[in-house]
Amino acid sequence: MANTAKIPVPVATPETLHFWEGTKSGELRLQKCDECSHVYFPPRPFCPGCASRKVSIFKASGKATLYSYVINHRPHPAFDGPYSIAVVELEEGPRMMTNIINVDQTPEALILDMPLEVTFKPLSDDIHLPYFQPGGATS
Amino acid sequence: MKPNSVAIVGAAETTELGKIPSLSQLQLHADAALNTLKDAGLGLSDIDGVATAGESPTNVAHYLGITPTWVDGTSVGGCSFMLHVRHAAAAINEGLCETVLITHGESGRSGIGRGMFRGGGGASLQGQFESPYCAMGPPTIFTIPFLRYMKETGTTLEQLATVAVIQREWAAMNPRASFKDPLTVEDVMNERMIAYPFTKLECCLVTDGGGALILTAAARAKDFPHKPVYILGTGESVETPMISQMEDMTTSKAFRVSGAKAFAEAGISHSDVDHLMIYDAFAHLPFYGLEDLGFCRKGEAAGFIEARNTAPGGQLPLNTNGGGLSYMHSGMYGMYALQESVRQLRGTAPAQVDNASISVCHGVGGMFAASGTVIMGNAIP
């Protein structure tokens with residue numbers, strides 16, 4: 001992973017601020033409905049399962065598995081060569097997009113359902129971006 | 001919509017397709033509209049409804065000099081035109097207007113007079129939770145689900161390449177197709193890798209062009225120069241603007257909802273279908289379409305295509321213009337799929353399917369974000 005200055009920086013909104021405050025302090029935060037227990041992502045102040053506004057923020061385990069991906073072969077200024085654009089399934093259920101880092105960016109090294117763990121990199125003072133790397137087998 | 005109540009009485013594409021640096025995007029809309037008016041034997045003053053996507057219907061109506069009593073600017077990506085057909089049918093039945101013009105024009109390749117792509121910016125959900133991972137447009141996003149589909153269904157990369165090979169066979173029969181030279185599975189697989197596992201030939205073209213349709217009540221439809229194409233059933237839905245939030249990457253919820261609604265409205269079964277269009281922005285789309293519309297069981301679409309069921313001479317001719325992979329793809333391809341269904345039902349397609357009387361035309365919007373389905377017939381059942 002090369003030049004983080006070339007990455008489009010997220011702009012937090014009131015509804016997502018807790019997520020970005022979390023990544024800045026090394027936590028991957030999810031939300032859970034207090035009424036129906038649904039765990040969801042991306043952030044919003046109500047449950048997309050049952051519409052309840054009674055929801056809680058909690059720290060996720062950071063463990064995930066590789067759900068699907070592509071390896072982009074067209075050049076991007078943030079990367080030195082081909083790189084993965086992936087969707088991971090978090091241990092708690094929700095999925096999110098990411099890049100799989102600290103591993104060869106090849107089909108041989110990127111195996112669906114392989115265990116992954118979250119790691120964070122700063123893009124700016126306020127925004128630290130979650131990435132995933134091999135490791136952290138789910139219990 | 002009320003089945004069989006509305007018909008397509010005008011249909012045409014822009015005079016040219018491909019690379020058209022001499023026309024702005026708005027003029028591509030107008031070129032298609034004027035060709036379609038001529039096709040229907042109508043004048044501008046006959047049009048009282050305007051629908052479009054990619055441009056505001058205000059821009060199109062004003063540019064053409066139309067004062068409509070009904071407009072629809074539904075813009076959910078490349079299938080927007082399927083939704084316009086559905087909405088126009090409802091509007092005509094409700095008496096909001098009598099004669100609707102649906103236009104598409106897109107300077108996808110030359111970029112002449114093309115509006116800014118309306119991304120959500122860094123504060124949108126995509127901007128916060130997808131864009132930072134440096135996806136570079138549809139080739140790196142729309143394609144993400146396919147490795148999961150392969151793992152769950154046992155589909156192979158050779159089978160993915162076969163989609164492009166067979167669509168090229170259809171394109172070879174079409175003088176207006178962008179690419180007509182025959183391909184082999186090896187040709188496709190050995191092409192430049194764009195986003196593994198998709199090579200360049202498994203990604204759609206980028207071209208300029210346009211098309212338009214005119215719809216009116218079925219009761220009036222026989223008064224026009226061409227054989228009417230009746231709207232038998234329609235469907236639409238949306239799922240998610242974020243590919244990462246698809247409920248299941250092996251199937252599109254929007255496809256399933258839209259397709260089921262259209263078949264229920266039309267009251268037909270799959271065996272009644274003579275001709276099928278499935279918007280193929282990328283080579284995996286026909287697999288999802290065949291399965292989610294119910295033509296194949298889960299995991300059987302690739303084998304169905306490989307067995308040449310959708311090829312020339314097969315039982316279910318699919319993407320007979322060559323599709324987005326070989327015919328043309330300006331960005332919002334749905335209009336061209338609709339045009340091909342109309343040509344097949346009029347009996348005027350370059351690769352004409354014998355006795356085609358019912359066509360299913362299925363579109364995708366965004367990247368598995370939206371869907372629209374239109375089932376058409378050349379007779380009222």
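Every chain is numbered from 1, with letters handed out A, B, ... down the list of sequences.
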Over 60° means perpendicular and under 30° means parallel, so tell me whether B:F255 and B:H362 are parallel, tilted or perpendicular. perpendicular
How far does [atom1] of [X] sit from [atom2] of [Y], to the nearest 0.5 angstrom?
X	Y	atom1	atom2	value
A:M97	B:F129	CE	CZ	12.5 Å
B:T184	B:R168	OG1	CZ	11.0 Å
B:Y336	B:Y327	OH	OH	8.5 Å
B:Y133	A:Y131	OH	OH	6.5 Å

Which bit of [X] comes within less than 4.5 Å of chain A, counting heavy atoms only: side chain, backbone, both or neither?
X	value
B:M246	backbone
B:E152	neither
B:L125	side chain

Do you see a donor-acceptor pair shorter than 3.5 Å between the side chains of [X] and [Y]?
X	Y	answer
B:S107	B:S110	no
A:S25	A:E27	no
B:S244	B:E130	yes

Most heavy-atom pairs under 4.5 Å with chain B, out of A:Y83, A:Y69, A:Y67, belong to A:Y67
Which of A:P94, A:P43, A:P42 touches chain B most, by non-hydrogen pairs under 4.5 Å: A:P42
Under 4.5 Å from any heavy atom of chain B - which part of A:L66: backbone
Which answer fits A:P75, side chain, backbone, both or neither, if we ask what part of it has an atom under 4.5 Å from a heavy atom of chain B? backbone
Judged by atom type as modelled, is there a donor-acceptor pair below 3.5 Å linking the side chain of B:Q245 to the main-chain atoms of A:R95? yes
Test item: A:S84 side-chain N/O and A:I100 main-chain N/O as donor-acceptor pair under 3.5 Å: yes
Charged N-O contact under 4.0 Å between B:R148 and A:D113: yes
Dump the intermediate steps for side-chain contact (heavy atoms from CB on, under 4.5 Å) on A:E92 and A:K32, then the final yes or no. CA-CA 10 Å; A:E92 294 82 3; A:K32 182 175 184 177; over 6 Å; no
Residues from residues 199-209 of chain B approaching chain A under 4.5 Å (heavy atoms): none
Are there residues of residues 137-147 of chain B that reach to under 4.5 Å of chain A by heavy atoms, and which ones? B:P139, B:T140, B:T143, B:I144, B:P145, B:F146, B:L147
